[in-house]
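These notes concern the structure reproduced below.
We name chains A, B, ... by the order of the sequence lines, and we start the count at 1 in each one. Being a predicted model, the structure only gives us computed values, none of them experimental.
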There are 2 protein chains.
Amino acid sequence: MAVTNEQSDRRTRRTRLALKTAFIELILEKGYDAVTILDVTGRADYNRGTFYKHFIDKEDLLREIHDDLLTDLAEALVRPYEGLRQVNADMISPSILQLFRHIESHKHDFLALLTVSREKLRADLLQTFRHSMQEDMHIEMKPGAPQLDYDILLSYQTSATVGVIMHWAETRFRYSAEYMTEQLIALVNTPIDHIVFKRRT
Amino acid sequence: MAVTNEQSDRRTRRTRLALKTAFIELILEKGYDAVTILDVTGRADYNRGTFYKHFIDKEDLLREIHDDLLTDLAEALVRPYEGLRQVNADMISPSILQLFRHIESHKHDFLALLTVSREKLRADLLQTFRHSMQEDMHIEMKPGAPQLDYDILLSYQTSATVGVIMHWAETRFRYSAEYMTEQLIALVNTPIDHIVFKRRT
DNA sequence: CAGGAAACGTTGACTAACCGACACCACGAC
DNA sequence: GTCGTGGTGTCGGTTAGTCAACGTTTCCTG
C-alpha cells in the first residue's frame, strides 16, 4: 500500500491533528512512558484502529510532532528574509520575533518535547537553525571591520539563541515573545566591554 | 433508509457537534441571517455536502441546538432530586446551582439563541421548567400555613427564575453561577415585608 | 510461578464523510 | 436585458474511520 495521501483529505488532517494534540496533552499530564495508544485515541475520541492508519506506534507519532515543530520553526526564522537581496542587522529583530511568536503559540508542543528529550530537542534546534541560515545566506564584512568566519559566527549566534529559548521554555514561558526578542536583540547589540561584571559583596 | 441510529457512531457525534459549535460562533459574530451553510461547514472544516446528511437546513440546525439546550437544562434542574422521596426547601439550592452552572458552561449557545429569538427562548424556558417540575412532584403544605395552589406557585417561581436567568445572560454573565444562585435563594427566602423600598431622595 | 488484566497490532465488513459535479436560484453590476 | 457571482440542494464514486473480534505480548499481583 502506497503511503497514500498527504494532507489532501479533510478527514486525515482532522484526525492526525486531533491525535497529535491529544498526545501532547497526555504527555504533559502523565509523562511519555505512561501514555498508551488507548489513552491517545480515547482522549481524541477516535477508534484505536484509526491510530494505526496514520502512525506506526507511539515513537512514530512523537517523531512526527518533533519534525513538524522543527520544520515550522526553521520556516518562521527565515520567512522575514524572503525576497530580500541582502539582510542588514535591523532585519534580525523581526525574524527572531517571528520565531519566538511561533514557539509561544506552540508552547505545549515545545514543553511536551522538552519533557521527553531535553537534549535531543536542543541539539536538533541548533542543527536546524544553523542549517537553514547556512542555506539562505552568507556574510560579507564591512571594510575596516575584523574579518569573521561565518561558520563560527553561526555557532555563536545559534547557540546563544537556542540557549535563550531553552531557558524561556524551562521557566514555562513566563515572559512574552516580544520581551524575549527585545532582550536577545539587546544582547546581540551590546559589546561585552560595555558590561561590567561585579563580584557579589 | 431507516433514520439509522442516533449518536452511536463517533463520526456522527463529532460532525454534528462541530457543525453546531461553528454555527453558534458564527451567529455571535455576524448574526443568524448573515450565516450561510458554506460558512458553517467552512468554519467547522467539513464538506458542504456533509451538512445535508445531518440537517435539513439552517433552521433545522438552530432548532436542534435550541432543543438540546432546553432538554439539558430541564435535566440539570431535576437531577439533584433524583431518588428523593420528598424535597424540602434546602434541596432547592443545589438544583438551582446545577442549572446555573449548566447555563454558564453553555453560555455561547445561550447567547446565540438569545440574539436570534429572545422571546421564544424565554417562553420555552418557562414552559420547559414548569413542565419538568410538574412532572416530578406536587406539594403539600405544613399544617397552619396558608394553602397554596401549586400551579400558581409554579408560575411564580419559574417566572422569577427565568427572569433572573435572562437578566444574567443579558448582562453577559458578569457574575458567577454561585453568586447568582446565592442571590436567587436569598430572594426566595426573604418575605416581601422584610424589604423596605425607599423613594430616591 | 501462574493467571488475569490491560495494552498491543491486525483484520474485515460496514458506513460516514469526502470531493467534484450538476442544475437551480437570487442578486447586483454593467 | 444578461452576465457574472455566490449560495443552495442533490448526486455517485471513492476513501477514511468505525466497530467487533482476533491472537499476542507485557506486566502485575496473589
Side-chain angles (χ1 to χ4, degrees), chain A residues 1-66 68 112 115-116, chain B residues 1-66 68 112 115-116:
Chain A
M1 60 192 73
V3 187
T4 69
N5 53 49
E6 275 312 296
Q7 71 226 55
S8 50
D9 194 298
R10 289 177 137 102
R11 289 171 293 185
T12 67
R13 272 186 280 125
R14 253 202 312 270
T15 305
R16 297 172 74 88
L17 178 61
L19 292 174
K20 286 176 188 173
T21 305
F23 190 38
I24 287 163
E25 284 177 22
L26 287 162
I27 288 174
L28 292 175
E29 285 171 24
K30 44 155 70 178
Y32 176 78
D33 290 331
V35 179
T36 70
I37 308 291
L38 205 65
D39 285 336
V40 176
T41 52
R43 173 69 62 99
D45 194 25
Y46 279 83
N47 189 280
R48 193 168 58 86
T50 303
F51 179 91
Y52 297 101
K53 297 251 173 80
H54 297 282
F55 308 102
I56 298 168
D57 53 21
K58 217 166 63 161
E59 291 90 65
D60 187 40
L61 175 51
L62 183 72
R63 189 190 44 67
E64 192 160 304
I65 291 171
H66 179 95
D68 282 357
T115 69
V116 177
Chain B
M1 60 194 76
V3 186
T4 68
N5 46 36
E6 277 313 298
Q7 71 224 54
S8 52
D9 195 298
R10 288 176 137 103
R11 286 172 294 187
T12 68
R13 272 185 280 127
R14 249 202 313 272
T15 305
R16 297 173 74 89
L17 178 61
L19 292 174
K20 286 177 187 173
T21 306
F23 189 37
I24 287 163
E25 284 177 22
L26 287 162
I27 289 174
L28 291 175
E29 285 170 23
K30 43 156 68 178
Y32 176 78
D33 290 331
V35 179
T36 70
I37 308 290
L38 206 63
D39 285 336
V40 176
T41 52
R43 172 70 61 99
D45 194 25
Y46 279 82
N47 189 280
R48 193 168 58 85
T50 303
F51 179 91
Y52 296 100
K53 297 251 172 80
H54 296 281
F55 308 103
I56 298 168
D57 53 20
K58 217 167 63 160
E59 291 90 63
D60 187 39
L61 175 52
L62 183 71
R63 190 191 43 69
E64 191 160 307
I65 290 171
H66 179 95
D68 282 357
T115 70
V116 177

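Computed from coordinates, the A:Lys58 NZ to D:dT25 P distance equals 19 Å when rounded to whole Å. A:Glu59 places its CD atom 11 Å from the P atom of C:dC8, with the value rounded to the nearest Å. Distance CG (B:Asp57) to P (D:dG9): 6 Å, rounded to an integer number of Å. Distance, B:Phe51 CZ to C:dA16 C1': 16 Å, rounded to whole Å. When the P atom of C:dC8 is taken as reference, atom CG of A:Asp39 falls 8 Å away, rounded to whole Å.
A sub-4.0 Å separation between OP1 or OP2 of D:dG17 and a side-chain N or O of A:Asn47 is absent. Residue A:Tyr52 places at least one side-chain N or O closer than 4.0 Å to OP1 or OP2 of C:dG9. Applying the 4.0 Å criterion to OP1 and OP2 of C:dA17, one finds that B:Tyr46 has every side-chain N and O outside that range. A close approach under 4.0 Å does occur between a side-chain nitrogen or oxygen of A:His54 and OP1 or OP2 of D:dG17. The phosphate of C:dC18 has OP1 or OP2 within less than 4.0 Å of a side-chain N or O from A:Arg14. Under 4.0 angstrom from either OP1 or OP2 of C:dA16 there lies no side-chain N or O belonging to B:Thr12. Contact annotation: B:Arg10 does not reach the phosphate of D:dG17 (side-chain N/O to OP1 or OP2, under 4.0 Å).
Taking each heavy atom of B:Ala18 and B:Ala44 in turn, the nearest pair found is O-CB, 3.7 Å. Across every non-hydrogen atom of B:Val35 and B:Lys58, the tightest pair is O-NZ, 3.0 Å.
Within the 4.0 angstrom heavy-atom criterion, only backbone atoms of the sugar-phosphate kind lie near A:Thr36; the bases stay farther away.
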task: Verify side-chain contact (heavy atoms from CB on, under 4.5 Å) between B:Glu25 and B:Lys30, making sure each step is shown before the conclusion.
output: CA-CA 9 Å; B:Glu25 284 177 22; B:Lys30 43 156 68 178; over 6 Å; no
message: Go through it in stages, so that I can follow the logic: the residues are A:Asn47 and A:Thr41, the test is side-chain contact (heavy atoms from CB on, under 4.5 Å), and I'd like the CA-CA distance, side-chain angles, deciding distance and then a yes or no.
response: CA-CA 6 Å; A:Asn47 189 280; A:Thr41 52; over 6 Å; no
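Ion pair B:Asp9/B:Arg14 not flagged as a salt bridge, since none of the NZ, NE, NH1 or NH2 atoms sits closer than 4.0 Å to an Asp/Glu carboxylate oxygen.
Taking the C1' atoms of five terminal pairs at each end of the helix from C:dC1-D:dG30 to C:dC30-D:dG1, the two resulting helix axes are inclined by 30°, rounded to 10°.
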I'd like a list of close polar pairs between nucleotides 11-15 of chain C and the protein, N/O only, cut-off under 3.5 Å.
{"residue": "C:dT15", "atom": "O2", "partner": "B:Arg11", "partner atom": "NH1", "Å": "2.9"}
{"residue": "C:dT15", "atom": "O2", "partner": "B:Arg11", "partner atom": "NH2", "Å": "3.4"}

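Nearest-nucleotide mapping onto DNA chain C: of B:Arg48 and A:Val35, the residue sitting toward the 5' end is A:Val35.
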